[in-house]
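Before any comments, here is the structure.
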Protein chains: 2
Amino acid sequence: MDLRALETFQAVVATGGIGRAAAKLHRAQSSVTSRIHQLELSLGVQLFHREGQRLHLTASGEALVDYAGRMLELAEQTRAAVRDNEAVGQLRLGAMESVAASRLPYPLAEFHRQHPQIVVNLQTASSRGLVADVQAGTLDAAIVGESVDTTRFRSVPLYVEELVLVAARGSALLREPKQLAEGTVLVYHSEGCAYRRRLGQWLEAQHIVPARMLEFASYHGIFAAAAAGVGASLVPRSVLEVFPQRDALSVRDIPPRVARLQTALVTLRTRHLPVLAKLEACLREDAAAVRGGTRRGKRTRG
Amino acid sequence: MDLRALETFQAVVATGGIGRAAAKLHRAQSSVTSRIHQLELSLGVQLFHREGQRLHLTASGEALVDYAGRMLELAEQTRAAVRDNEAVGQLRLGAMESVAASRLPYPLAEFHRQHPQIVVNLQTASSRGLVADVQAGTLDAAIVGESVDTTRFRSVPLYVEELVLVAARGSALLREPKQLAEGTVLVYHSEGCAYRRRLGQWLEAQHIVPARMLEFASYHGIFAAAAAGVGASLVPRSVLEVFPQRDALSVRDIPPRVARLQTALVTLRTRHLPVLAKLEACLREDAAAVRGGTRRGKRTRG
DNA sequence: ACATCATCATCGGAAAAATCGATCATGGAC
DNA sequence: GTCCATGATCGATTTTTCCGATGATGATGT
């Protein structure tokens with residue numbers, strides 16, 4: 001049984017003749033005849049009763065009419081369903097460097113696995129810059145640690161980052177927050193960085209003014225400097241976890257109120273891309289898995 | 001999209017690999033690869049994400065898994081449905097000569113159209129003989145004008161025959177029933193004939209004893225003799241209607257109580273043939289059409 | 001009665017598709 | 001590094017599908 005044979009059969013029934021069906025299907029009459037015969041053979045049943053020139057449906061044939069219609073309909077639905085699940089084009093996604101480094105690799109891989117046709121354009125910037133880019137339409141979506149105007153933006157909570165103080169293993173800087181005033185604080189170079197702002201607010205509330213500040217363009221730089229004993233920094237624990245030489249660093253928690261920072265996927269309410277919903281699904285699923293500690297397929301290498 | 005391609009796809013998903021699917025389907029690995037590629041091409045969609053050697057379903061692929069299952073299931077149902085509607089074998093049907101001549105041609109043609117594989121073995125005999133044959137198992141079913149024992153037989157009412165008196169056009173025999181005593185009465189040769197019995201009862205009730213009786217083996221004989229002025233006979237109007245030279249005959253009604261005779265399809269309760277149900281359906285439908293006067297496809301030739 | 005038309009079946013060859021076997025490419029395991 | 005498992009690719013072969021021509025059959029028109 002073949003879908004094309006069913007179509008042929010349906011055409012013969014609809015037009016009431018093999019010749020007319022052949023014309024309708026732009027095929028030779030002999031082809032239609034063969035096809036019907038083959039269908040009858042494969043079903044082991046006579047579909048038409050031939051008396052002279054005219055064809056009449058047999059009981060089996062009448063049964064098949066119904067099922068053929070259903071099968072072809074389902075085939076059409078299948079094509080449509082598969083088509084609808086196929087997203088094409090590109091997706092411009094922005095994220096904070098920290099998120100891009102620690103959180104995104106897995107869900108983005110998953111997304112690409114599910115939608116190989118989508119070209120994901122990932123840019124990193126500060127939270128404020130990202131929100132501005134989404135607003136400007138330069139980005140389709142961004143993952144930020146900012147709270148945004150919910151009238152213009154749609155904001156889907158994703159990960160809760162926990163900020164921790166890090167410094168070289170054994171460094172005196174972590175013993176008490178006040179010690180930070182004596183040393184160098186390593187910060188991300190952009191003013192729009194949500195973590196840097198959080199750090200600034202915390203220090204200010206405690207009337208701590210660091211002796212020196214060093215700006216870095218990447219977390220690798222910050223970690224390298226911290227590990228070398230240059231100073232201390234406030235970083236998300238998730239980023240620290242993907243830092244290869246994290247054994248060279250000491251970590252110190254800070255009060256949860258200051259430490260916890262919600263990140264969210266932010267999109268313009270006016271922009272509705274079907275692809276975006278798929279990406280959002282991947283991210284939410286991953287965030288949920290991270291919260292539950294059961295990220296499937298996660299490979300922990302020795 | 002092809003059902004075999006869907007099976008292949010399903011096998012690949014089930015076994016988790018093209019090679020294993022090929023083994024399962026007893027096909028070469030390259031064939032499966034081609035088939036999947038062709039399926040992807042025909043759907044215009046990437047079903048698997050190839051990273052290195054392993055295959056992962058894309059979102060489109062996952063959608064197809066569901067639909068492929070449904071399609072193959074429906075295909076199986078189709079095969080089953082068509083098979084179930086296919087009846088094979090032979091059917092031994094008995095009928096009174098009158099019914100066989102006047103009523104059966106159309107519904108039997110319809111039945112044969114619907115079930116070309118069934119060999120219908122039609123025998124004519126008297127009502128009593130037919131019932132005996134059904135009882136003996138020589139016949140699968142019979143159409144008779146008898147009332148039968150409903151504990152052993154199943155009886156489905158079909159046609160109501162109307163018996164009429166016929167004789168040569170202008171014959172005096174039809175003027176009054178009593179005239180029959182003066183002439184020759186033409187009867188069917190079997191004692192078991194329901195019509196003949198009805199005639200006998202009627203004449204007896206009126207204390208009419210025909211001068212002569214002639215037995216015939218067929219209605220053609222009776223009609224020919226009647227038309228030739230040999231005598232009168234009591235025949236079903238339906239048979240008269242299919243007699244070509246009916247213009248040579250005069251017809252006279254008799255009281256409905258005597259004239260009307262119900263025929264029925266009789267089968268043994270212990271015998272259940274699926275084919276028989278189909279035949280019964282054809283006969284009932286035809287009988288209903290005759291009652292309603294709307295027998296479809298009936299061709300009245302000029 | 002005869003020719004004509006419409007219809008479907010059959011046949012042989014051509015075109016297309018599916019399959020196979022062998023080989024290559026790639027990434028992981030030892 | 002070498003093996004091993006896995007798919008992709010290629011050319012040859014087999015199978016399937018299609019076409020065009022021809023034949024058979026019954027209805028229609030003259």
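First the proteins, then the strands, lettered A, B, ... as listed; each starts at 1.
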What is the distance, rounded to the nearest whole Å, between atom [atom1] of [X] and atom [atom2] of [N]?
X       : N      : atom1 : atom2 : answer
A/Leu39 : D/dT16 : CG    : P     : 15 Å
A/Arg35 : D/dC19 : CZ    : P     : 11 Å
A/Arg27 : C/dA14 : CZ    : P     : 21 Å
A/His49 : C/dT7  : NE2   : P     : 19 Å
B/Leu41 : C/dA18 : CG    : P     : 11 Å
B/Asp2  : D/dT16 : CG    : P     : 13 Å
A/Arg4  : C/dA18 : CZ    : C1'   : 15 Å

- Among side-chain atoms of A/Glu62 and A/Thr58, is any donor-acceptor pair under 3.5 angstrom? no

- Message: Under a 3.5 Å cutoff, is there a donor and acceptor pairing between the side chains of B/Ser102 and B/Glu241?
- Response: no

- What string of B, S and - do you get for nucleotides 7-14 of chain D, 5' to 3', when a contact is any protein heavy atom under 4.0 Å? BBBB----

- Message: Centroid separation under 6.0 Å, is that true for the rings of B/His115 and A/His49?
- Response: no

- Whether A/Arg50 side chain and A/Phe48 backbone form a donor-acceptor pair below 3.5 Å: yes

- Taking 4.0 angstrom as the limit, do B/Arg35 and B/Asp2 come out as a salt bridge? yes

- Query: OP1 or OP2 of C/dC20 less than 4.0 angstrom from a side-chain nitrogen or oxygen of B/Ser31, does that happen here?
  - Reply: yes

- Minimum side-chain heavy-atom gap A/Val65-A/Phe9 below 4.5 Å: yes

